[in-house]
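First the structure, in the form of structure tokens, and then the observations on it.
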Amino acid sequence: MMQRVLLTGAVGCGKGTIAKKVVEHFEGFAYFCAGDVIRQHISNGSEFGKRASSFLKAGEHVPENLVNEVLLQEVQRLRDSHLVLDGFPRTIAQVTAVEASLPVSLCIELDVPRKERLSKRLVHIPSGRTYNLDYNPPRVPGKDDVTGEPLERRVDDTDEAIRRRMEVYKKTESKVAAAYSIGMSVQFNSDELFYYLKLAAVGTIGAMTLHTAYKFYLNLRHEKGRSRWKEFLAAIGFIPPLIPTALSSGPLSLSLDSKHPLNHNVTRFRFLLPESDQVIGLRPGQHVAIAATVGGKRVVRMYSPVSGNEARGYVDVVIKRYEGDHALSKHIHSMREGEKLEWDGPRGHIVYKGRGAFLIGRSKKRDKRSFSHMTAIAGGTGITPLLQILKSSLEDYSDCSNLHLIFANSTEKDVFLKEELDMLAETHSNRFRLTYTVSQPGDGWRACVGRPDSAEVLKLIAPPSDNHVVMLCGPNPMVKAVVTALKGIGHQERNVLVF
Ligand SMILES: Cc1cc2nc3c(=O)[nH]c(=O)nc-3n(C[C@H](O)[C@H](O)[C@H](O)COP(=O)(O)OP(=O)(O)OC[C@H]3O[C@@H](n4cnc5c(N)ncnc54)[C@H](O)[C@@H]3O)c2cc1C
């Protein structure tokens, strides 16, 4: 079956660039660009070209009654190739026409900041090769890499024409993505998309690839979307496994499998997922709500598992024991193998997307932020969500973020997970720095001394900047004190994330 992948996205989002990369790297794919077809007609001076030209100059799309037949015929000509479609279908009427004869396999909506991209775009008109002064500059300024001929701005790249095309996009093409969105549309920015396609093409099934493929599937929540994507990957010779996620089917009742004390009051607990091939299905930074009846009262508390989505059939949590008649942590410490707890999720308003990027906030009001430096300050078991994020960054070879973990405890005997942390620091010494600090040092303590808001610790933190995020998790008094101290040394509130 021929694969037809429709790229949509507002003007200047990089559709052309990503489409050309796909065609270069994947055998059997042709690129169909509606704009190029129309421009070809214009430069040939065809009757259709003459009429189309006046609309393009005004920053408008060529009306459907003029263009539909021409474009459909061109697509029909390429019916025996896998196709990357750019700019067609662009309206619901065109979707109907295309679906009747050459249905689209997958619709991908690209989502990137575009205003700046467009104003920096240059084109070699005869070949259609595009350049961007920031992302993809020509080797010689102003000249095409292949022919050395001069580059120009496209006639429809003037500010006014761009504004008009944005408006037209909102009214028309954005509805196409919505029409395909039931099950077969995914939102990605072009760099991410190409990264996934590249992995797919390489076809290596190392742990990293599985993990990344899994991350991709998390974004394809609907079964139909998953199978379309699977068909597409199969067409280019790569069939990644579908990894079922436990939490996607609602609240779970999980039984305790084993427990391993990590120090005098912290224990690592392993719970079994309902199916042995399942993963828990949390993104780095997210947590679960665990509930049980303790001392006759229903208690719900949040916990961030320390195992990630590489763990098949189980999930690990590290829990510190507190005393109290209704303390859930005490109850969990007293559980025997086979006893059950209720789990629900995913919860959380901070998600690490990888390569320095975070989604911050709840559902529709989410803010995307990216940083090149991350400092994680953890107090005791507050390390759990931060560890997820650090591990996910370190396991991703395409993630170049610089990381610093400051792990604060009261005394040396309160420190836990030391072996795992030391191993990470040793393996990734090029970009991961680890600092232990205690407020009550014993005789043999050689690392940092001081609470995380003390001058001794603060001086170890990289200077404030919009590229530097400080993540905090721990007991409330610690978090409050550190937030105040960070403000005092110039860190802006927007660059401090509290879990
Ligand atoms: C997003 C999130 C993720 C979390 N992840 C983890 C995790 O992975 N592992 C983990 O162990 N905990 C984690 N916690 C904390 C956890 O949710 C509970 O608050 C903790 O286990 C105490 O609950 P409890 O029912 O046992 O005690 P409670 O009945 O709530 O309290 C019992 C006693 O302990 C004291 N106490 C409770 N918490 C603290 C504290 N942090 N510092 C000092 N005294 C305290 C109380 O003041 C009280 O005196 C997380 C919390 C959040 C919000």
Side-chain angles (χ1 to χ4, degrees), residues 247 254 256 259-271 280 282-309 311 314-335 339 341-352 358-362 376-392 405 407-411 413-418 420-421 438-440 451-453 471-483 496-499:
L247 284 168
L254 301 185
L256 179 64
K259 44 187 185 181
H260 298 283
L262 299 179
N263 70 15
H264 60 104
N265 60 7
V266 177
T267 301
R268 184 176 190 128
F269 297 89
R270 175 160 297 182
F271 286 83
I280 184 71
L282 292 177
R283 301 174 79 183
Q286 290 184 318
H287 56 268
V288 289
I290 296 184
T293 301
V294 185
K297 190 174 151 196
R298 185 179 156 80
V299 184
V300 183
R301 296 281 182 268
M302 305 303 144
Y303 293 96
S304 306
V306 288
S307 57
N309 290 318
Y314 67 88
V315 54
D316 285 354
V317 273
V318 166
I319 297 181
K320 179 170 176 177
R321 177 191 168 111
Y322 289 100
E323 296 304 322
D325 293 343
H326 307 290
L328 183 60
S329 58
K330 182 178 159 191
H331 170 78
I332 298 175
H333 274 80
S334 71
M335 280 172 67
E339 288 184 345
L341 284 176
E342 294 163 49
W343 291 56
D344 201 1
R347 301 272 170 92
H349 64 289
I350 300 172
V351 169
Y352 183 59
F358 286 82
L359 281 180
I360 303 160
R362 297 188 198 279
I377 305 179
T381 43
I383 195 168
T384 52
L386 304 182
L387 185 59
Q388 275 180 19
I389 291 175
L390 298 175
K391 282 206 304 196
S392 114
L405 169 65
F407 188 20
N409 283 282
S410 300
T411 68
K413 77 178 175 49
D414 296 319
V415 178
F416 56 96
L417 293 174
K418 187 168 183 308
E420 183 173 343
L421 293 172
V438 296
S439 47
Q440 300 153 40
R451 293 191 331 198
D453 58 326
M471 302 179 282
L472 288 178
C473 190
N476 280 343
M478 178 207 104
V479 169
K480 274 191 190 155
V482 177
V483 168
V496 177
L497 299 182
V498 177
F499 286 77

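Both counts, for ligands and for their atoms, begin at 1 and track the order of listing.
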Using distance alone, decide if ligand 1 has a nitrogen or oxygen within less than 3.5 Å of any nitrogen or oxygen in Val318.
-> yes
Decide side chain to side chain contact (heavy atoms under 4.5 Å, CB included) for Val498 and Leu472; before the verdict, give the C-alpha distance in whole Å, the side-chain angles of both, and the deciding distance to 0.1 Å.
-> CA-CA 5 Å; Val498 177; Leu472 288 178; 4.1 Å; yes
Under 3.5 Å, is there a donor-acceptor pair between the side chain of Asp344 and the main chain of Ala289?
-> no
Write out the residue and atom name of the closest protein heavy atom to atom 27 (O) of ligand 1, then the distance separating them to 0.1 Å.
-> Ala327 CB, 3.8 Å
If you measure from each heavy atom of Pro385 to ligand 1, is any distance below 4.0 Å?
-> no
Per-atom contact, atom 47 (O) of ligand 1, protein heavy atoms, under 4.0 angstrom | no
Pro475 N/O to ligand 1 N/O under 3.5 Å = no
What is the nearest protein non-hydrogen atom to atom 43 (C) of ligand 1, stated with its residue, atom name and distance?
-> Tyr322 CE2, 3.7 Å
Exercise: identify the closest heavy-atom pair between Gly285 and Gln388 | N-OE1, 2.5 Å
Of all the heavy-atom pairs spanning Pro452 and Ile377, show the shortest one and how long it is.
-> CB-CG2, 3.7 Å
Atom 12 (N) of ligand 1: closest protein heavy atom, distance to 0.1 Å, is Tyr303 CE2, 3.5 Å
What is the nearest protein non-hydrogen atom to atom 11 (O) of ligand 1, stated with its residue, atom name and distance?
-> Lys320 N, 2.9 Å
Just go through Met302, Lys330, His333, Lys297 and tell me whose heavy atom is the nearest to atom 14 (N) of ligand 1.
-> Met302
Heavy-atom contacts with Thr381 under 4.0 Å: which atoms of ligand 1 show up? List them by number with element.
-> 9 (N), 10 (C), 11 (O), 12 (N)
Can you find an N/O atom of Ser329 closer than 3.5 Å to an N/O atom of ligand 1?
-> yes
How far apart are the closest heavy atoms of Leu282 and Pro346, and which atoms are they?
-> CD2-CB, 3.5 Å
Nearest heavy-atom neighbours spanning Ile383 and Ala378 | CA-CB, 3.5 Å
Can you check side chain to side chain contact (heavy atoms under 4.5 Å, CB included) on Met471 and Tyr352, steps first, answer last?
-> CA-CA 11 Å; Met471 302 179 282; Tyr352 183 59; over 6 Å; no
Of Arg301, Glu323, Gln388, His287, the residue with the heavy atom nearest atom 28 (P) of ligand 1 is Arg301
Quick one: does Lys391's side chain have a donor or acceptor within less than 3.5 Å of a partner on Pro284's backbone?
-> no
Qualifying residues under ring-ring contact (aromatic ring centres under 6.0 Å, His included), relative to His331, sequence neighbours excluded = none
Return yes when at least one protein heavy atom is under 4.0 Å from atom 2 (C) of ligand 1, and no when none is.
-> yes
Non-hydrogen atoms of Tyr322 and Ser329 that approach each other most closely | N-OG, 2.9 Å
Give yes if a backbone or side-chain nitrogen or oxygen of Gly324 is under 3.5 Å from a nitrogen or oxygen of ligand 1, and no if not.
-> no
Pick one of side chain, backbone, both or neither for how Thr384 approaches ligand 1, counting any non-hydrogen atom pair under 4.0 Å.
-> side chain
Protein contact for atom 31 (O) of ligand 1 (heavy atom, distance under 4.0 Å) = no
Measure across Tyr303 and Val317 and return the closest heavy-atom pair with its distance rounded to 0.1 Å.
-> CB-CG1, 4.2 Å
Phe499 near ligand 1 by a heavy-atom separation under 4.0 Å | no
